[in-house]
Number of protein chains: 2
Amino acid sequence: MENLPLPRPTDGDLSILRVLWSDGASTVREIHDKLNGGTGYTTVLKLLQIMTDKGLVTRDVSARTHIYTAALAEEQTQRQLVSDLLDKAFGGSAEKLVMQALSSKKASREELQQIRKLLDQMEEK
Amino acid sequence: MENLPLPRPTDGDLSILRVLWSDGASTVREIHDKLNGGTGYTTVLKLLQIMTDKGLVTRDVSARTHIYTAALAEEQTQRQLVSDLLDKAFGGSAEKLVMQALSSKKASREELQQIRKLLDQMEEK
DNA sequence: TATTGTCAACGAACACATTCGTACTTAAAT
DNA sequence: ATTTAAGTACGAATGTGTTCGTTGACAATA
């Protein structure tokens, strides 16, 4: 019964996961087409096979053309990656990370408002 | 005249950079001692030599015992890493990243206050 | 039926990260 | 002067990520 902690997705893994998150369960060809960039078909296939071994995706093999699905929800993976970066590069300081995130890309006024709401919720609790 | 874009530091690189950022210019031995974890002396040395080639650190070779310094300031590297993660896993949405950062680790009341100040500053401008 | 296209599987090649042992050099201690 | 300690340099081994060519199975088409 495989129930090991999932490994951190690599850059290649993430480019595939992004497609699965946005489009839902997909075939290799669909993913490959969406990834119009330089990678060949068999490269995408190989990556998906490895990701299956790692547990990052699951696949339906009942038909000849396999169908892949992301094993974890987008938010769950994002949370893991943020937590990882927090430990490795920010000494655990969420504040510093937030600062850099806000200054590295100009957030819109709506986004800032949204973040304020989140802060309110966190202080209430 | 090497002036190429610096590569993204690996996990090993970051563990060393953290020491250099907090303690300033250091020798291999000092870094190795601070990294009390399982890595051997020559491993740290090798990593530093590679990091020198990559341009992540510079070294003073005038004495027998070399002295290493981080090439980039902590904030600069952090900004790069955040921007990287933003592209690769968040579709460029700084808001989502901030949300995850705040929820993945409970921020203190002071930190939340600090973030509010930052939001104020960003809205003024 | 014969040919052509689509798919998964596999292995090989290359690059990079990580680790450490060994060799060589230089300084310090005996 | 000899030995010991501390340092750098240099491979070598291993693991992982990434890429793609080739093979074989199967389906669709001519």
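Numbers restart at 1 for each chain; the letters A, B, ... are given by sequence-line order, proteins then strands.
A/Asp11 has its CG atom 11 Å from the P atom of D/dG17, to the nearest Å. Separating the CD atom of A/Glu30 from the P atom of C/dT6 is a distance of 15 Å, rounded to the nearest angstrom. Summarising the geometry, the separation between CG on B/Leu17 and C1' on C/dA17 is reported as 15 Å, rounded to the nearest angstrom. For A/Leu48 and D/dG17, the CG to P distance is 15 Å, given to the nearest whole Å. Going from atom CG of A/Asp60 over to atom C1' of C/dC7 covers 15 Å, rounded to whole Å. Residue A/Leu35 contributes atom CG, which lies 12 Å from atom P of D/dT18 at whole-angstrom precision. What separates CG of B/Leu14 from C1' of C/dA17 is a distance of 13 Å, to the nearest Å. Atom-to-atom, CD1 of B/Ile31 to P of D/dT8 comes out at 10 Å; the value is rounded to the nearest Å.
Counting non-hydrogen atoms under 4.0 angstrom, A/Thr42 reaches a base of the nucleic acid. Base contact: B/Thr43 has a heavy atom under 4.0 Å from a base atom. Within 4.0 Å (heavy atoms only), B/Thr39 reaches sugar-phosphate atoms of the nucleic acid but no base atom. Residue A/Tyr41 is classed as a sugar-phosphate contact, given heavy-atom separations below 4.0 Å to backbone atoms only.
In this structure, of C/dC7, D/dT18, D/dA9, it is D/dA9 that holds the atom nearest to the side chain of B/Arg59. Candidate nucleotides C/dT25, D/dA9, C/dT19 were compared by shortest atom distance to the side chain of B/Arg64, and C/dT25 ranks first. Between D/dG7, D/dT22, C/dT19, one nucleotide has an atom nearer to the side chain of B/Lys46 than all others, and that is C/dT19. Between C/dA17, D/dG7, C/dC20, one nucleotide has an atom nearer to the side chain of B/Lys54 than all others, and that is C/dA17. Of the listed nucleotides (D/dT8, D/dC26, C/dA9), C/dA9 has the atom at the smallest distance from the side chain of A/Leu45. Listed candidates were D/dT18, C/dT26, C/dT6. Nearest to the side chain of A/Thr10 is D/dT18.
No side-chain heavy atom of B/Glu74 sits under 4.5 Å from any side-chain heavy atom of B/Ser22. Between B/Leu35 and B/Val19, some side-chain heavy-atom pair lies under the 4.5 Å cut-off.
Judged purely by atom type and a 3.5 angstrom limit, A/Ser93 has no side-chain atom pairing as donor or acceptor with the backbone of A/Phe90.
The pair B/Arg18-B/Asp23 does not count as a salt bridge, with every side-chain nitrogen at least 4.0 angstrom from each carboxylate oxygen. Checked for salt-bridge contact, B/Asp84 and B/Lys88 meet the test: a charged N lies under 4.0 Å from a carboxylate O. The pair B/Lys54-B/Asp13 meets the salt-bridge criterion, since a charged nitrogen lies less than 4.0 angstrom from a carboxylate oxygen.
A sub-4.0 Å separation between OP1 or OP2 of D/dT8 and a side-chain N or O of B/Gln49 is absent. At the phosphate of D/dA6, neither OP1 nor OP2 sits under 4.0 Å from any side-chain N or O atom of B/Arg29.
Toward the 5′ end of DNA chain C lies the nearest nucleotide of A/His66, the other residue of the pair B/Gly40 and A/His66 mapping further downstream.
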